[in-house]
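See below for the structure under consideration.
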Amino acid sequence: MSVLRALRQVTASSSRAVARPVARTPLRLATVQLAPRASMTAVRAFSVSARRLSEGSTDVVLSQKLAEELKYEKEAAVDATEPEFLKTFKEQGIWTVHDVLGNDEVTLTRKFGNETVRLMFSIADIQSAEEDPEYEQEEGEGAEDQPLHSYPVRASFSVTKANAKGSINIDTMCQEGAFIIDNMSYYPDAQLGTELTAEADWKRRGLYIGPQFDTLDVAVQEEIEKWVQERGINENLAMFIPEYSEYKEQKEYVRWLENVKNFVEA
């Protein structure tokens with residue numbers, strides 16, 4: 001009897017061991033089926049949260065301030081059309097203005113005999129000058145005796161000839177109706193001397209650009225200044241550059257306000 005009981009216990013234990021996995025298998029399958037639904041719910045919740053985060057609480061206030069500034073700048077402008085000084089400059093028919101909207105650099109070009117003269121300057125110099133403490137002090141002291149646009153603007157000239165290789169580049173500072181020459185360099189390759197690329201700029205850095213202008217013999221300085229002035233790099237142009245820099249900076253500032261405002265409101 002004890003042997004038969006032992007056999008029944010072993011048989012019962014074996015039956016339970018086999019039955020347990022079979023009974024739990026459907027439960028595992030149900031869990032696997034529910035997992036994707038839970039994941040989709042999480043993604044849905046995340047997308048809703050992201051959409052809400054893109055609508056910041058400061059958007060409305062910022063948009064209002066930008067609109068106020070934009071309205072003020074447009075009302076402060078005397079005339080939205082081309083200013084008189086620019087019309088007069090163009091009517092002279094000497095220089096051609098190349099101004100690309102959104103760029104901070106302006107290019108002027110002209111023909112002089114068989115030469116092509118190119119001038120470049122940046123409106124970024126205006127902000128740099130206004131942030132300079134020395135400029136603010138000079139502006140406050142004796143401002144009535146100073147020209148209307150007395151801050152310095154760097155200008156670079158290049159002169160190339162159709163029948164000759166190379167180019168002459170002149171770095172100057174335009175201030176108070178005059179050009180102050182820093183240096184005059186010669187490049188045997190005209191493309192290298194005039195090309196506006198990072199590669200060309202890197203190559204120019206390794207070349208000898210000539211001495212500082214003020215270290216030259218005084219007689220040589222005077223003749224170079226006459227040579228430069230004969231090509232239209234004179235007092236009239238020195239007065240035009242700062243005035244046009246302010247005009248362009250104002251246009252770009254208004255455009256910047258409009259772009260930022262439209263982006264915030266989108």
Side-chain angles (χ1 to χ4, degrees), residues 77-129 147-187 189-198 200-201 204 224-256:
V78 178
D79 193 351
T81 60
E82 192 172 74
E84 192 64 31
F85 82 91
L86 182 55
K87 291 180 181 179
T88 303
F89 183 80
K90 290 182 176 180
E91 288 173 357
Q92 295 173 358
I94 300 174
W95 295 91
T96 302
V97 181
H98 306 273
D99 185 355
V100 180
L101 191 64
N103 290 0
D104 68 349
E105 288 186 339
V106 180
T107 303
L108 306 180
T109 58
R110 69 160 299 186
K111 289 288 186 179
F112 183 79
N114 67 337
E115 299 176 356
T116 299
V117 184
R118 185 186 70 182
L119 175 154
M120 296 184 65
F121 61 93
S122 173
I123 63 174
D125 290 336
I126 296 179
Q127 296 178 351
S128 299
L148 179 62
H149 311 282
S150 61
Y151 47 79
V153 178
R154 291 193 174 275
S156 176
F157 299 87
S158 66
V159 182
T160 57
K161 290 188 175 185
N163 60 345
K165 295 181 178 180
S167 70
I168 284 182
N169 289 19
I170 306 171
D171 294 325
T172 68
M173 183 69 74
C174 176
Q175 186 176 15
E176 298 181 2
F179 287 102
I180 303 173
I181 300 177
D182 290 333
N183 72 282
M184 181 177 185
S185 56
Y186 170 77
Y187 296 97
D189 184 358
Q191 183 177 359
L192 177 62
T194 58
E195 193 174 34
L196 303 177
T197 63
D201 183 61
R204 286 192 291 266
I224 290 177
E225 288 175 347
K226 293 177 183 178
W227 185 84
V228 167
Q229 290 176 3
E230 190 177 17
R231 283 151 180 79
I233 307 171
N234 51 29
E235 181 179 348
N236 290 335
L237 187 61
M239 295 295 293
F240 171 79
I241 289 177
E243 195 167 8
Y244 190 86
S245 296
E246 279 194 359
Y247 165 70
K248 178 172 174 59
E249 200 278 335
Q250 180 65 19
K251 284 197 310 180
E252 295 296 341
Y253 177 56
V254 170
R255 181 172 176 269
W256 177 84

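The shown structure was predicted, so the numbers you read here are calculated from the model rather than taken from an experiment.
- The distance from atom CD of E82 to atom NZ of K87, rounded to the nearest 0.5 Å, is 6.5 Å.
- Taking the side-chain hydrogen bond (donor to acceptor under 3.5 Å, both in side chains) definition, one finds that D171 meets it with S156, sequence neighbours left out.
- Nearest heavy-atom pair across Y186 and G166 is OH-CA, 4.0 Å.
- Checked options L119, V117, I233; the residue passing with R110 is V117 (criterion: side chain to side chain contact (heavy atoms under 4.5 Å, CB included)).
- Legend: side-chain hydrogen bond (donor to acceptor under 3.5 Å, both in side chains) pairs involving residues 228-242, not counting sequence neighbours, sorted by first then second residue: E115-R231.
- Side-chain contact between W227 and M184: present, with at least one pair of heavy atoms (C-beta onward) separated by less than 4.5 Å.
- T172 OG1 to N183 CG: the interatomic distance, rounded to the nearest 0.5 Å, is 10.0 Å.
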- Task: Start with the C-alpha distance between T116 and K111, add both sets of side-chain angles, then the distance that settles side-chain contact (heavy atoms from CB on, under 4.5 Å), and finish with yes or no.
- Result: CA-CA 5 Å; T116 299; K111 289 288 186 179; 2.8 Å; yes
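- K248 places no side-chain N or O within 3.5 Å of a backbone atom of S122 that could act as its donor or acceptor partner.
- Side-chain contact between L86 and F240 is present, with at least one heavy-atom pair separated by less than 4.5 Å.
- Considering all non-hydrogen atoms of both residues, R255 and G102 come closest at NH1-CA, 3.6 Å.
- Checking side-chain atoms of T160 against main-chain N and O of S167 turns up no donor-acceptor pair under 3.5 Å.
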- Message: I'd like to know whether F85 forms a side-chain contact (heavy atoms from CB on, under 4.5 Å) with Y247, so could you lay out the CA-CA distance, the side-chain angles of the two residues, the decisive distance to 0.1 Å, and finally the verdict.
- Response: CA-CA 10 Å; F85 82 91; Y247 165 70; 4.0 Å; yes
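- Residues passing the ring-ring contact (aromatic ring centres under 6.0 Å, His included) test with F179 are F157, sequence neighbours excluded.
- In this structure, CD1 on I241 lies 12.5 Å from CD on Q175, to the nearest 0.5 angstrom.
- We find the CE-CD1 distance between M173 and I181 to be 13.0 Å, quoted to the nearest 0.5 Å.
- L108 pairs with exactly one of D99, L237, T96 by the side chain to side chain contact (heavy atoms under 4.5 Å, CB included) rule, that one being L237.
- In this structure, R118 places its CZ atom where more than 12 heavy-atom neighbours from other residues, nucleotides or ligands lie under 6.0 Å away.
- Summarising the geometry of A238 relative to G177, their closest heavy-atom pair is CB-C, 3.4 Å, with the distance given to 0.1 Å.
- In this structure, S245 and F121 have side chains that are in contact, with non-hydrogen atoms separated by less than 4.5 Å.
- With a 4.5 Å cut-off on side-chain heavy atoms, E252 and D104 do not count as touching.
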